[in-house]
Amino acid sequence: MGGKVVLAYSGGLDTSISIKLLSEKYGYEVYTVTVDVGQKEDFDEIANKAYMLGAKEHFFFDAKKEFVENFVHPAIKANALYEDKYPLSSALSRPLIVLKLVEVAKKVGADAIAHGCTGKGNDQIRFDVTIKALLPDVKIIAPIRDWGLTRDVEAELIRKYNIPLKPKRKIYSVDENLWGRSIECGPLEDPAQEPPEEVFQWTIDPKDAPDTPEYVEICFEKGVPVKLNGEKLSPVELISKLNEIAGKHGVGRIDHIEDRTVGFKSREVYETPAALTIIEAHKDLEKLVLNFNELSFKKLVDNEWTNLVYRGLWADPLREELEAFINKASERVSGVVRLKLYKGHVIVVGRSSPYSLYDKLTATYEKHSTFDQSWAKGFIELWSMPTVVSRRILERLK
Ligand code: ARG
């Protein structure tokens, strides 16, 4: 083989061994790429490790801002919760990582792009589809999936190539970015068992959360959060800060049975304090400013967008076509939502907007209401007509 390969490098064991394998066994010149999407890692140490293992050149991208603005913000506007639960945190980061891999691949004139995904997950699909869509002629290598790099084989390779790494027996597979933390494997594979407390790092056990609730106010402009408690923050700061505040109250834990794109069901655990708080607030604000027709149609579009992104089709033109509708519908989604965080719960307690469709004079039960109740009787005559007529026929057929 040989040639140049660009490897998505996390600094973990699998991708570290992949550097050696790609260079020593398959004769590639290896270019490593690490993308900071908000995972808290020592990126200098990762770079050093890449060089120590034989990388020809290491590339680092701080893509936190791009991640939030171009991936998380569209997800907020789409109220993206896969199967009503999962805010797509890992799913959103994959296409962005691919953008960086492709950028480097073009720069160095790579023949191949490699990543550390297994053959059982969704991430391989997200990587491969996006790479194919952006750089159709590049070869894709996934050493774990394609070359059967199991833990035992890895231990063997570590010995064979004298790799200065310790074969670790990790219990959990964790993936982290600003929008959330995914935890899989180990005892979590038994869906009947409660997740052990040790899997959680961003959220306190709700039973140990403060006894007094904390209120937060999120201000949205055109569907995206811009201020937290009245303070204008950068998109990255706002999410980081809210992760901390909501996590302190045990908000953001998710435990659900997820339908993977590869066909099987899996038990997934997440911690996404900011994501759940922001989406809850965003949905509520939409209900204040969008009418019934808009809300019902938007739900369908949101669901389509979410499934598409989960299933690895970020690069499909349909995503942007759906976003054209979502962005149009988000033009009036501006205002402030007040929420209460309390022992694992996030509760919307107030909302206001210059575009509010709520009219107190119409809604009030006080007698000065502008809603003329005499209109209702005639309306019900017409509204009920199809139901009443068909019921009459059904009764006759009995
Ligand atoms: N099930 C989630 C998804 O498909 C999480 C994936 C987490 N990835 C990982 N390498 N641990 O988006």
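Counting starts at 1 for both ligands and their atoms, following the listed order. These numbers were taken from a predicted model, which means no experiment stands behind them.
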Run through ligand 1 for me and note each protein residue having a heavy atom under 4.0 Å from it, chain first, then residue number.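 Y86, S90, A91, R94, N122, D123, R126, S173, D175, S182, E184, E258, E268, Y270, Y310.
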Under 3.5 Å, sequence neighbours excluded: what are the donor-acceptor pairs made by side chains of residues 191-198?
{"residue": "E197", "atom": "OE1", "partner": "R253", "partner atom": "NH1", "Å": "3.2"}
{"residue": "E197", "atom": "OE2", "partner": "R253", "partner atom": "NH2", "Å": "2.7"}
{"residue": "E198", "atom": "OE2", "partner": "Y172", "partner atom": "OH", "Å": "2.6"}

Ionic contact status for K377 with E381, cut-off 4.0 Å: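 No, E381 and K377 are not salt-bridged.
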Is the closest basic N to carboxylate O distance between R260 and E268 below 4.0 Å?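 Judged by the 4.0 Å cut-off on N to carboxylate O distance, R260 and E268 do form a salt bridge.
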Can you tell me how the ring of Y270 sits relative to the ring of Y86, calling it parallel under 30°, perpendicular over 60° and tilted otherwise?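 Parallel: the ring planes of Y270 and Y86 meet at under 30°.
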Donor-acceptor pairs under 3.5 Å, side chain of residues 102-112 to any protein atom, not counting sequence neighbours: which ones?
{"residue": "D111", "atom": "OD2", "partner": "K4", "partner atom": "N", "Å": "2.6"}

Contacts of Y310 that satisfy side-chain hydrogen bond (donor to acceptor under 3.5 Å, both in side chains) - sequence neighbours left out: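 For Y310 the side-chain hydrogen bond (donor to acceptor under 3.5 Å, both in side chains) partners, ignoring immediate neighbours, are N122, E258.
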